[in-house]
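Reviewing the structure listed below.
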Amino acid sequence: MVNLTIDDKQVTAPKSATIYEAAKINGIKIPILCHDKKLKPFGACRMCLVEVEQMKGRQIPACTTPVTDGMIIRTSTPDIIKARKMVLELLLLNHPIDCPVCDKGGDCDLQNLTYEYQVNANRFSDEKFHHEIDYSNPLIERDMNRCVLCGKCARICDEIVSFGALTFISRGIETKIGCEFEGSLNCEFCGSCVSVCPVGSLLARPFKFKARFWALTNQKSVCSYCGTGCNLTLGVKDNKVLTTVYDENQGFHNGQLCCRGRFGYQFINSDKRLTTPLVRKGGALMEASWDEALELVATRLRGAGASAAALATPRLTNEELLLFKKLMEAAGSANYDHSAGYAHAALTKGFARSFGATASPSTILDIQKSDLLLVIKTDSYETHPVIGFEINMAVKNKGAKLNILSDKRGKLSKLPDAKTFVHTPGSEIAVINSLAKAILDEKLAAGSAVSIPGYADLEKALAGFTPDAVAVQSGLSAAAIKQLASDYAKAEKALIIFPVGNAYPGHNADMASAVANLALLTGKLGTEGSGVLCMAEKNNSQGAVDMGFYATSGLQAGQIMDGCASGAIKTLFLAGENPVVSYPNRAVVTTALDKVEFLVVSDLFMTETAAMADVVLPACSFAEKEGTFTSVDRRVQHIKPAIRKVGQSRTDFEIFSTLIAKLGGQAPAAPAAVFGEIAASAPGYAGMSYAALGETGAFAPVDITPAFVVPKTVAVEPAAGKLALVIGSVLYHNGTLSQFGEGPMYVCPEGYVELSRGDAAKLNVAENDLLNVTSAAGSTKLKARISSRMPEGVLFSPYHFGAAEINRVWSGAPVTWVTVTK
């Protein structure tokens, strides 16, 4: 710490602080337009000029000048105020005074500073700019006439998002922020530029003319898409969520969001929301009362035993999942699961046997503390974009090495010095085993490894996974495998990251154990910046595991579907789950649901699955309920209602609670009481309470009991004349819910199949050609997307879209072999 004086006040500040930061820490305000704490100092706007006595009264920018011991600083002398007024006059010289119709009115830093410094006249005169306003995309409006050239939009797009869509172009008075070749904005539409723009140059079009910022009620919450656990501030007016409000002090991500979090909230207010219970009568779903609908459900569940089953989306709160489990137990059934069964196997089976815990031993915060990141599948950026931002910053700002093991290239491959090792689809586990073998052969294993149970068996089992042998299977060279192993083992701190979810069946229990073996062999566990981070798909996937909402003594999801098809399961209760679209092999799933005697669905929307139900219950969104979510790194966070319930919808908590009562049980009256049960019974949650969670949440600790496990590998044999189809997530979507978020659908409205330029040439396929994609499971038509990131012989398709029906083709295997014709 250093001692200094600011405005005659004795203060202290970290040695690394700038004058601006030192003042802010000590409650002294210095005006600024170009600063954001996530970004590197820039010194562009000159509003933060201060005087330093040791610099003989020169005016210097506070945001780029580091503090030194004994510094004497004055932030608001008459000369400084005069200088700031002139800066504002110059900024206003070309800036349009269209505040009455500008959406930033009332939330504009330039407007506020003009008011604060009483700039009510301008000594200078010049023409206003006449830049063409870019209305070309439905999410972000660009009006460079209002720009003050702070550069925050270009800097955040480069430094954090790592896309670089915006930059300074031209010189002098003609300088402006623009896109390549002065074209339209063509980016990821995460809205980061919008969030930091201090004026109205960049606007969120979905919010335009909806409300003034001062008319909004802000409610802090947690994003309901992926498992990153990003914090949100919902802007509410007239019982509608109209926008997300940027708060640089919110969450580990400092308010940074992806396209889904920033622009995907519209599903909360959607006109398509279910608002009344529906009961099938005479073959059609008819409006009914809650009493009638719930009595029907209770009658079917009462005493149903093993003939009843349940599937839940891991978007429910922890409290709802625990209550759903209690409901099924009250019905006498142990048949319950979330997602498609295999979506959580890495945690519930893999980590459980390798670590003795069903959670990742590392956290998202470890990413920027690591020396080397081994990312398995570049989709880790697309599945959890804000974690992708963390990886970007680790590589660019902290010098972390990035090695990627994937069946295709992706955005992370473009980061500085990133090495991408593209393997044959389905050979991941064999490659990871060969890394372990190479580490043993090169004597790079930690001395502690030999004392871990299972070491001898693993050493013996790895004998057949020599780099030379696996090179043939994986398409990698033996040298590449050895390099990958050496890089990982020799790094002082190394972190392995991989995604799991419905569309990643290859990322299963065996892969989790293979990954765990690497960490245990090299001793890279239990220390800061090292370990394994398994990125579960949905916002509360980890919570669903922690609540035990998966098969232990009953049937798992796939077996439940089999039971429906065979008649063994007669009553199926789906809460927020849409297996007709999200589960593999659509024909099999649809047939199974057709055969089940009584299908209950609680959901926000009339999904493809809900349309088949006998009873449909309108459920609330996350913005209408209370409870907790647990992120991929076991950060437990509390959410509160931001709006009143839509129509007659009820929370799943209320639905399950009422049904438990109808079955003769007594459910806790409020989520807080259930959280008390969780704190008393769930490992790692002890001592937690809503009050203790506060706004930042709390980490549930993970106790590790290490053991080496021999992972099974299955050879994926190539099929002559066919292409390997792999399924996954795309940046703009998460599960099937994002289909009801207008923002993501503007950018990515439909499914597609992505193929390499080489395969496109061989098949005579052009961009957007309609292709027939056929496997042993079925056939569908998809538009072609041609890219350089795909290796020849491999196709990729996202799984989120009900209309695209890729799950008519996708079998659920890690690789589905398909033929493609026009």
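The figures here come from the full heavy-atom set of this structure, side chains too, leaving out hydrogens, waters and symmetry mates. Count residues from 1 along the sequence.
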### Query
Do NZ/NE/NH1/NH2 and the carboxylate oxygens of Lys645 and Glu654 come within less than 4.0 Å?
yes
#### Entry: salt_bridge(Glu320, Lys625) N-O dist < 4.0 Å
yes
### Query
Given Asn734, which of His800, Arg315, His384, Lys538 fulfils the side-chain hydrogen bond (donor to acceptor under 3.5 Å, both in side chains) condition?
Arg315
### Task
Start with the C-alpha distance between Glu677 and Lys326, add both sets of side-chain angles, then the distance that settles salt bridge (charged side-chain N to carboxylate O under 4.0 Å, His left out), and finish with yes or no.
CA-CA 12 Å; Glu677 288 185 33; Lys326 287 175 180 284; 3.1 Å; yes
### Task
Dump the intermediate steps for side-chain hydrogen bond (donor to acceptor under 3.5 Å, both in side chains) on His344 and Asp337, then the final yes or no.
CA-CA 10 Å; His344 54 72; Asp337 202 351; 2.7 Å; yes
### Message
For Glu528, is there an ion pair with Lys369 - N to carboxylate O distance below 4.0 angstrom?
### Response
yes
### Message
Please check this pair: side chain of His507 against backbone of Val500, looking for a donor-acceptor N/O pair closer than 3.5 Å.
### Response
no
### Query
Can Arg353 and Asp510 be counted as an ion pair, charged N to O under 4.0 angstrom?
yes
### Task
Using side-chain hydrogen bond (donor to acceptor under 3.5 Å, both in side chains) as the criterion, point out the one residue from Gln637, Gln250, Lys220 that pairs with Asn231.
Gln637
#### Entry: Full working for side-chain hydrogen bond (donor to acceptor under 3.5 Å, both in side chains) between Thr609 and Glu577
CA-CA 8 Å; Thr609 302; Glu577 194 74 328; over 6 Å; no
#### Entry: Note: Arg635-Asp633 ion pair, threshold 4.0 Å (strictly below)
yes
### Message
When you measure from the side chain of Asn807 to the backbone of Val580, do you find a donor-acceptor pair of N or O atoms at a distance under 3.5 Å?
### Response
yes
### Query
How are the rings of Phe573 and Phe656 set relative to one another: parallel (under 30°), tilted (30 to 60°) or perpendicular (over 60°)?
perpendicular
